[in-house]
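Starting from 1, each residue takes its place in the sequence as its number.
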Amino acid sequence: MTTTTTTTNNNNLVSFFEEKQNSPILSPKENISKKWREIHGFNNNEWEDNGFLDPLHPWLRREIIKYGEFAQATYDAFDFDSFSEYCGSCRYNCNKILGMLGLGNSGYKVTNYIYAMSQMELPRWIERSMHLVDHDTWSKDSNWMGFVAVSDNDESTRIGRRDIVVAWRGTVSAFEWYEDFQRKLKPIGGEGRDSKVEHGFLSIYTSKSDSTRYNKSSASEQVMKEVKRLVHFYKEKLGEEVSLTITGHSLGGALALLNAYEVAQNFQGLPISVISFGAPRVGNNAFKEELFLLEVKVLRVTVKQDLVPRMPGIVFNESTLKRFDDITAGTLEWVYTHVGAELKLDIRSSPYLKRGFNLLGFHMLETYLHLVDGFLSTKSTFRLDAKRDVALVNKTCDMLIDELKIPHFWYQQANKGLVCNAYGRWVRPKRDQQDIPSPTMELHSQEFDVQED
């Protein structure tokens, strides 16, 4: 393609982009109540077999983006500020979080938060506050890792069931944990089991300590308790049809699989699906097979240029397993393998994205959601009439072509969190009392959540 042709195409794209700036980003939601099982890979059909993936069914696209935005919320609400005394917490309480992040019309209500720690020495898998020397800091050991939410009455009618969602946060930087999260596989479900998972992921999911404020119970125990409470209320008490959808990006996608495995073993007959983005491999082939037998439906959204889905096990993985299967006459218990169906996207499909090498941009969840929104099929060009705001791609990276004039890394609190006080001085504001992390307050407010719906 000549330079003149490229310039002309970019100019046309910019004009189209500018026209879209004055159009709504939302379209009417379809009633999927009679199709939700197919959309989530149930009815004895995987996504590839029921014709929903390639071409991508518009109802499935909407569902993928819906859950992806819940995963994105775990980043947008996270306090990354190392100078904040609440660094590592959520900036908003359960009742405010979705509304503050533009998801107030999602049809879901957050009912509980999830906190995690690790017994491993990990290289900044979480941000640490500069206030750790202060014994009154909100937490020295735990970090906010996500939330549990449930669909309201109107959304439940539209989607055909009461949907419980668990959204897991990923790492602050996708590559900080590379060295730690690639080696040792550990049995899950007890010693002697064939199913094995990466020990770092399992440590974050199961670690707890009586000396902490937020992890006297593990992330596993917290989420299982809340899922049990919601299933009991909606399914057993009210007799409704209930599903569980677990989502996460990067590390969050790994935790989503561990979460799905545990729930499936404890709640027979509960439809469980996982929709993950840029997730690494989690366990071995026995773990994959056990998830299949437990009827957990897994849809992995990946980007061809993203390295994270190739880890752990860049050298020894499911492809290696296939090549060496005849020699080993069975499963290689130390080989990592992916689980479920894959929706594979390509950076080059979008005319809005730069073509250079950008490891951070390739992995960002907003890049994923942009590509999902524009994907029609592997044989089609990018869907230019997609409604999702293209500017979101540059929230935390520099992936959009410069002609669009969207600043890179633009997402931040106004004035980076400082406010001008009555004396004209710029200071760090105090959090609203209701947004200050408090185990007692969160447990107390949780008692009324399902009854208010």
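- When all heavy atoms are compared, the tightest approach of Ser350 to His370 is OG-NE2, 2.7 Å.
- Note: Arg61 CZ to Ile64 CD1 = 8.5 Å, rounded to the nearest 0.5 Å.
- Between Tyr86 and Asp435, the side chains place no donor N or O within less than 3.5 Å of an acceptor N or O (distance only, hydrogens not considered).
- The two residues Arg281 and Pro309 make their nearest non-hydrogen contact at NH1-O, 4.0 Å.
- Put simply, the side chain of Glu221 gets close to the backbone of Ser218: a donor and an acceptor are under 3.5 Å apart.
- Expressed to the nearest 0.5 Å, how far CG of Leu371 lies from CD of Gln305 amounts to 8.5 Å.
- Here the side chain of Lys216 pairs a donor or acceptor atom with the backbone of Asp210 at under 3.5 angstrom.
- Between the CG atom of Leu56 and the OG1 atom of Thr378 there is a distance of 11.0 Å, given to the nearest 0.5 Å.
- Scanning both residues, Cys397 and Thr367, for their nearest heavy atoms gives SG-OG1, 4.3 Å.
- The shortest side-chain heavy-atom distance between Arg310 and Leu307 falls under the 4.5 Å cut-off.
- Taking the side chain as every heavy atom from C-beta outward, Leu392 and Leu369 never approach each other to under 4.5 Å.
- Of all non-hydrogen atoms in Cys94 and Tyr113, the two that sit nearest each other are N-OH, 3.3 Å.
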Decide yes or no on side-chain contact (heavy atoms from CB on, under 4.5 Å) for Asp141 and Asn215, but give the supporting numbers first.
CA-CA 8 Å; Asp141 309 280; Asn215 277 112; over 6 Å; no
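- For Asn415 and Trp426, the side-chain atoms include no donor-acceptor pair closer than 3.5 Å.
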Test side-chain contact (heavy atoms from CB on, under 4.5 Å) on Glu155 and Asp163; report intermediate values, then the result.
CA-CA 9 Å; Glu155 181 70 0; Asp163 186 35; over 6 Å; no
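- The side-chain contact (heavy atoms from CB on, under 4.5 Å) test with Arg161 is passed by exactly one of Ser151, Pro271, Ser243: Ser243.
- Across Asp81 and Cys87, no two heavy atoms sit closer than the pair O-CB, 3.1 Å.
- Of the possible polar contacts, one joining the His199 side chain to the Lys184 backbone as a donor-acceptor pair under 3.5 Å is found.
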Please evaluate residues Asp76 and Gln72 with respect to the criterion side chain to side chain donor-acceptor pair (under 3.5 Å), reporting the C-alpha separation (whole Å), side-chain torsions for both, the decisive distance (0.1 Å), and the verdict.
CA-CA 6 Å; Asp76 293 344; Gln72 181 63 45; 3.0 Å; yes
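- Atom CH2 of Trp144 is separated from atom CD1 of Ile97 by 4.0 Å, given to the nearest 0.5 angstrom.
- The backbone N or O of Gln434 lies less than 3.5 Å from no partner atom in the side chain of Asp432, so there is not a single donor-acceptor pair.
- For the pair Phe201 and Leu257, the minimum side-chain heavy-atom distance is 4.5 Å or more.
- Salt-bridge check for Glu366 with Arg388: passed, with a basic side-chain N closer than 4.0 Å to an acidic carboxylate O.
- A side-chain donor-acceptor contact under 3.5 Å links Tyr368 to the backbone of Val303.
- Rounded to the nearest 0.5 angstrom, His338 NE2 and Lys288 NZ are separated by 10.5 Å.
- Separation of atoms CG (Leu353) and CZ (Phe362) is listed at 9.5 Å; rounding is to 0.5 Å.
- A salt bridge (charged side-chain N to carboxylate O under 4.0 Å, His left out) with Asp373 is found for exactly one of Arg62, Arg383, Lys66, Lys387, namely Arg383.
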Apply side chain to side chain donor-acceptor pair (under 3.5 Å) to the pair Thr212 and Ser209, showing each step before the final yes or no.
CA-CA 6 Å; Thr212 67; Ser209 172; 5.1 Å; no
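- Screening Tyr205, Phe267, Phe287 for a ring pair (Phe, Tyr, Trp, His ring centres under 6.0 Å) involving Tyr261 leaves a single residue, Phe287.
- Here the side chain of Asn284 pairs a donor or acceptor atom with the backbone of Lys196 at under 3.5 angstrom.
- Closest approach of Tyr108 and Val165 over heavy atoms only: CE2-CG2, 3.5 Å.
- Within the 4.5 Å cutoff, the side chain of His363 has heavy atoms near those of the Ser250 side chain.
- Between Val274 and Val339, the closest side-chain pair of non-hydrogen atoms is not below 4.5 Å.
- A 4.5 Å side-chain heavy-atom check between Thr111 and Arg229 finds at least one atom pair inside the cut-off.
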Between Ser273 and Tyr67, is the side-chain contact (heavy atoms from CB on, under 4.5 Å) condition met? List the steps.
CA-CA 11 Å; Ser273 54; Tyr67 294 111; over 6 Å; no
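- For the pair Trp168 and Thr74, the minimum side-chain heavy-atom distance is 4.5 Å or more.
- Between Leu345 and Thr302 there is no side-chain heavy-atom pair separated by less than 4.5 Å.
- The aromatic ring centres of Phe52 and His57 sit less than 6.0 Å apart.
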Apply side-chain contact (heavy atoms from CB on, under 4.5 Å) to Met145 and Leu251, showing your working.
CA-CA 10 Å; Met145 285 302 293; Leu251 167 64; 4.3 Å; yes
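- Remark: the backbone N or O of Met117 is not paired with any side-chain donor or acceptor of Asn143 at under 3.5 angstrom.
- Tyr115 and Gln222 share no donor-acceptor pair across their side chains, judged by distance under 3.5 Å alone.
- Asp79 pairs in a salt bridge (charged side-chain N to carboxylate O under 4.0 Å, His left out) with only one of the listed residues (Arg431, Arg428, Arg91), which is Arg431.
- Counting only distance, with no hydrogens or angles, the side chain of Glu342 and the backbone of Lys344 share no donor-acceptor pair below 3.5 Å.
- Salt bridge present: Arg158 and Glu63 bring a charged side-chain N and a carboxylate O closer than 4.0 Å.
- The aromatic rings of Phe80 and Phe78 sit perpendicular, their planes meeting at an angle over 60°, well past the 30° parallel limit.
- Under a 4.0 Å N-O distance rule, the pair Asp398/Lys354 qualifies as a salt bridge.
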